[in-house]
Protein chains: 2
Amino acid sequence: MKATREDVAKMAGVSTATVSNVLNDPGKVKKSTADKVLEAVKALDYRPDMIARSMSTKRSMQLGIVLESLANPFFGDIVRGFENAANEKNYFVNICTGFNKLDEYFDNFITRRVDGVFVAAIPYKFNVDKIYNLVQKGIKIVVSGNVCADFRKVSSIEMNHMGAMREIMEYLYKLGHERIAYISGLGKNLAYDLRIKGYLDMVEKLQLPCGEELLIEGKYPYSTGMEDGYQYARQLIDSGKEFTAVICVNDLVALGAMKALKECGIRIPEDVSVIGFDGIEFGKYWEPELTTMSMNKVEFGEKAFEMLYSNMIKGGTSYHEYDMELIVRNSTSQCRR
Amino acid sequence: MKATREDVAKMAGVSTATVSNVLNDPGKVKKSTADKVLEAVKALDYRPDMIARSMSTKRSMQLGIVLESLANPFFGDIVRGFENAANEKNYFVNICTGFNKLDEYFDNFITRRVDGVFVAAIPYKFNVDKIYNLVQKGIKIVVSGNVCADFRKVSSIEMNHMGAMREIMEYLYKLGHERIAYISGLGKNLAYDLRIKGYLDMVEKLQLPCGEELLIEGKYPYSTGMEDGYQYARQLIDSGKEFTAVICVNDLVALGAMKALKECGIRIPEDVSVIGFDGIEFGKYWEPELTTMSMNKVEFGEKAFEMLYSNMIKGGTSYHEYDMELIVRNSTSQCRR
DNA sequence: CTGAAAGCGCTTACAG
DNA sequence: CTGAAAGCGCTTACAG
């Protein structure tokens with residue numbers, strides 16, 4: 001059904017080794033011979049079998065990318081960047097979503113001998129040791145999400161969350177906001193979420209009257225979708241605490257929060273300003289349009305691949321911090337109270 | 001670095017064949033022997049190499065799913081269903097997005113010997129022959145999107161778009177709407193989009209005064225995102241044609257269209273009712289909440305896997321049509337003109 | 001410039 | 001119940 005390299009060799013009247021050489025290292029073979037081979041390849045619609053190839057090269061040319069979920073378009077963009085760059089270098093990438101199946105995925109990575117994986121999500125649901133286990137099996141890794149992983153073992157690409165949070169807080173403060181809530185949905189105990197730390201630092205630095213009382217933490221499994229944003233915002237409103245601005249851990253949460261605010265007759269931005277993180281496209285179509293701390297997600301994915309690639313080819317890990325950028329739209333304004 | 005089955009055999013004092021037997025067909029081996037092997041497996045943290053295994057079994061246990069883009073959450077849900085079901089049966093699935101790289105993906109499917117692929121998108125950007133080529137190489141296929149593909153070669157899972165469109169039109173008609181626009185973004189020439197046909201059939205059946213003039217077609221490459229919805233809606237408004245309801249090819253387009261309508265001071269649903277397709281989660285958080293023709297996307301993905309699986313295991317293709325369900329929310333109401 | 005041969009890590013009849 | 005051996009389709013020194 002499928003032609004093998006042996007069929008090609010026979011048709012071209014050469015050895016199988018020569019076929020390989022033509023395909024993998026042209027120049028090593030006389031042109032006239034190569035032409036015969038290429039002709040046979042075309043005639044038989046032959047494609048080399050990557051599985052057999054992997055057997056001898058010990059490289060699968062497959063990569064994995066693990067995400068929390070595809071429900072957040074934020075990850076869709078990152079995947080796009082990563083995959084484009086990977087395809088360029090002939091890698092095939094497996095998208096692995098759903099933290100609930102993480103162990104299975106990790107097993108698969110070993111078992112299927114992927115060359116590298118990009119763990120592109122905040123890892124509050126698994127132990128870093130599992131990643132080291134992968135490394136030990138020879139798989140190269142890039143992590144994201146401030147894992148505080150051992151940089152001698154894995155590469156790390158982060159967003160500058162501390163800086164981003166500082167910028168947001170200063171922006172709001174200049175607009176006159178002092179009672180600024182932060183709907184995190186994550187927790188203070190999660191060392192890798194630097195946003196909470198950034199927020200609390202600024203609360204202190206700016207001497208905001210709210211202290212920690214406007215910080216909303218989540219609990220395991222730390223879900224941060226629209227429905228969560230909606231619920232957390234209600235919780236905040238119901239608490240009766242005063243606030244004039246809400247920062248949300250991501251745009252999805254912000255969108256849910258805005259719905260809750262509107263339902264309670266709170267006008268955005270007249271009564272309360274709202275800011276999200278990520279810069280997903282939906283925010284632009286919302287009403288009001290969402291102010292957000294954004295970044296070039298596609299580029300971020302590309303960069304992650306480059307780091308992984310360099311680790312695979314040259315060896316050696318690296319660290320990179322990505323700056324974010326505030327996009328001001330209509331969900332924020334001068335404080336009117 | 002990685003233990004092989006030979007290491008295990010040595011440690012357990014048995015042959016490599018026995019190791020295989022223990023792992024693949026327990027019961028074939030005496031318990032005491034099996035125990036020794038299992039112990040060695042654990043001690044060495046051994047995992048069988050799927051690549052080598054694929055070499056002999058001729059099955060890669062990998063599947064592909066090709067989507068137009070991850071930007072539409074609609075596909076995220078389908079992927080989830082498909083992948084969950086596939087994982088259950090020990091398949092690993094590759095998500096392939098971006099029609100621009102379709103040829104590369106198809107090549108990869110052959111080259112990497114995937115066992116099957118689910119083509120989950122309207123195929124206006126590639127030739128069906130490419131799919132037949134895959135089939136010829138021994139790869140099983142399930143298509144979606146009314147490809148009109150030869151059902152002897154590939155399985156097909158569709159949404160009942162004709163029925164859905166009929167239901168929508170009757171729903172609107174009963175609310176008093178007669179000037180009903182349809183923002184398709186696709187084209188009449190695309191035989192597989194049955195929605196246009198369904199729409200036009202109903203325009204005729206209900207004897208609507210608008211005829212075909214409120215149908216908005218797109219052009220290659222038939223993009224149907226939020227921005228497209230926005231532009232198409234503006235185009236519709238600018239045309240000066242009267243309409244009291246707009247059906248949109250998907251929720252993304254509907255969301256974009258609603259933004260355009262609002263910007264022009266058109267109230268939803270007071271002045272114009274809006275309906276989308278797909279039932280993505282975002283619609284529920286929009287203002288107004290979006291009425292939509294929805295379906296169980298996760299289940300749809302699962303069903304697609306089942307069809308693929310049965311084709312891979314038992315052989316033989318199948319056809320399945322999935323019914324959709326109208327979810328009425330606040331973006332539609334009685335016609336007030 | 002080209003080919004014979006070993007090897008990658010499994011599975012699977014088949015013989016014992 | 002267990003093991004020896006062939007085979008899956010490639011690559012890669014190495015010899016000629």
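Here is the naming used below: chain letters follow the sequence lines, and residue numbers restart at 1 for every chain.
- Here T33(A) reaches the OP1 or OP2 of dT2(C): one of its side-chain N or O atoms lies under 4.0 Å away.
- The M55(A) side chain lies nearest to dG9(C) when the options are dG9(C), dG3(C), dC1(D).
- Heavy atoms of S20(B) sit under 4.0 angstrom from at least one base atom.
- Looking at the side chain of A52(B), the nearest of the listed nucleotides dC10(C), dC10(D), dA4(D) is dC10(C).
- Comparing dT2(C), dT11(C), dA4(D) against the side chain of S56(B) picks out dT11(C) as the nearest.
- Between dT11(C) and N24(B), a contact under 4.0 Å exists linking OP1 or OP2 to a side-chain N or O.
- Comparing dT2(D), dC8(D), dG3(C) by their nearest atom to the side chain of V29(B) picks out dT2(D).
- Closest contact between the side chain of T18(A) and the listed nucleotides dT12(D), dT2(C), dA4(D) involves dT2(C).
- Between the side chains of N24(A) and R53(A), at least one donor-acceptor pair of N or O atoms lies under 3.5 Å.
- The side chain of R5(A) contributes no N or O atom lying less than 4.0 Å from OP1 or OP2 of dG9(D).
- Using a 4.0 Å heavy-atom distance criterion, R53(A) is classed as a sugar-phosphate-only contact.
- Backbone-only contact: V14(B) has heavy atoms under 4.0 Å from sugar-phosphate atoms and none from a base.
- Side-chain proximity of K58(B) to dT11(D), dG9(D), dG9(C): nearest is dG9(D).
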